[in-house]
Amino acid sequence: MKRFRICIAACLIASALSGCTALQSRPGGADRQATSGTAIFTWGSYSSDRLLAYAKWYGSSTADNQKIEYTQVMQALGRNAKDILTRLKAAIIFSTPAGPYRNTGRALALLNELQREKLNDDVITFIAVLKTYVDDRQKFEDNEGRLSQKSRYEQRRADELQQKLDELKNIEKNMIERDHAPNK
């Protein structure tokens, strides 16, 4: 039952991260705002609602805006690697399913660090659900890689067997032709 709840929560996070729904206007500044032609995300505090809104905003942003956000977050992370909000944003960027900067290893490392921080309960829950999602995604990708490798091996083996079968058919055909050929 606990695993089922985690899976449901992970699905909710996944849909939020993929940007499947439009970002709705939220009170307190969690909106998209135009500033010199670039969409930005404004923060108040980092509650789970804000983190989900940020994930939705990032997932539905254009590739150019994602690049700008990634660059800004990485620069901020370089200046202060202990900033919780920056690490949360980086973890979201690294765990966005179809994002150009998806990196499950870095996302898991950041989420593991963040789990040790003293944060409010809803943010801790958000981190736990996101970590479960990223961990499950990594397991899925690892399994997919193993299955792909196994499939390539099986295909190569089938090709080799087909080649041997074709060679045996050729030998049989040649033997039959020799038997029916007039003797000289």
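Numbers here are sequence positions counted from 1.
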Item to complete: Go through Gln155 and Arg152 one step at a time and tell me if the side chain to side chain contact (heavy atoms under 4.5 Å, CB included) criterion holds.
Response: CA-CA 5 Å; Gln155 183 61 47; Arg152 284 191 304 271; 5.7 Å; no

Worksheet item: Is any side-chain heavy atom of Pro100 closer than 4.5 Å to a side-chain heavy atom of Lys67?
Response: no

Discussion item. Strictly below 4.0 Å, N to O, side chains only: are Asp83 and Arg87 in salt-bridge contact?
Written reply: no

Discussion item. Closer than 4.0 angstrom, basic N to acidic O: yes or no for Arg102 and Glu141?
Written reply: yes

Fill in: Short side-chain to backbone donor-acceptor contact, Asn143 and Lys139, under 3.5 Å
no

Discussion item. If I take atom CD1 from residue Ile93 and atom CZ from residue Arg106, how far apart are they, to the nearest 0.5 angstrom?
Written reply: 10.0 Å

Practice prompt. Could you check Gln163 against Asp159 for side-chain hydrogen bond (donor to acceptor under 3.5 Å, both in side chains), going step by step and ending with a plain yes or no?
Written response: CA-CA 6 Å; Gln163 184 180 2; Asp159 291 344; over 6 Å; no

Worksheet item: Among Trp57, Tyr58, Tyr54, which residue meets the side chain to side chain donor-acceptor pair (under 3.5 Å) test with Glu69?
Response: Tyr54

Worksheet item: If you count the non-hydrogen atoms of other residues, nucleotides and ligands that lie under 6.0 Å from CD in Glu167, is the total more than 12?
Response: yes

Worksheet, complete the sentence: Correct closest heavy-atom pair for Ile84 and Glu117 would be CD1-OE1, 3.9 Å

Practice prompt. Look up atom NZ in Lys89 and atom CE in Met74, then write down how far apart they are to the nearest 0.5 Å.
Written response: 10.0 Å

Practice prompt. Determine, step by step, whether Leu51 and Val123 satisfy the side chain to side chain contact (heavy atoms under 4.5 Å, CB included) criterion, reporting the C-alpha distance in whole Å, the side-chain angles of both residues, the deciding distance to 0.1 Å, and the verdict.
Written response: CA-CA 8 Å; Leu51 294 169; Val123 174; 4.1 Å; yes

Fill in: Contact check, side chains of Gln115 and Ile124, non-hydrogen atoms, under 4.5 Å
no

Item to complete: Find out whether Leu111 and Asp135 are in side-chain contact, i.e. whether some heavy atom of one side chain is under 4.5 Å from a heavy atom of the other.
Response: no

Worksheet, complete the sentence: Rounded to the nearest 0.5 angstrom, the CD-OG1 distance for Gln66 and Thr96 is 7.0 Å

Response to the item:
What one should report as the nearest heavy-atom pair of Ile92 and Leu130 is CG1-CD2, 4.2 Å

Worksheet item: For the residue pair Leu110 and Ala91, what are the closest heavy atoms and their distance?
Response: CD1-N, 3.8 Å

Item to complete: Determine the minimum heavy-atom distance between Thr86 and Leu77, stating which atoms define it.
Response: CG2-N, 3.5 Å

Item to complete: List the steps and the verdict of side-chain hydrogen bond (donor to acceptor under 3.5 Å, both in side chains) for Gln138 and Asp142.
Response: CA-CA 6 Å; Gln138 185 171 27; Asp142 291 346; 4.8 Å; no

Worksheet item: Tyr101 vs Tyr70 aromatic rings, parallel, tilted or perpendicular, using cut-offs 30° and 60°?
Response: parallel

Item to complete: Check the pair Tyr153, Lys150 against side chain to side chain contact (heavy atoms under 4.5 Å, CB included), reporting the backbone distance first and the verdict last.
Response: CA-CA 5 Å; Tyr153 170 77; Lys150 184 177 180 180; 5.6 Å; no

Practice prompt. For Tyr133 and Ser95, work out which heavy atoms get closest and say how close.
Written response: CE2-O, 3.7 Å

Fill in: Sidechain-backbone polar pair: Ser148 side chain, Glu144 backbone, donor-acceptor under 3.5 Å
no

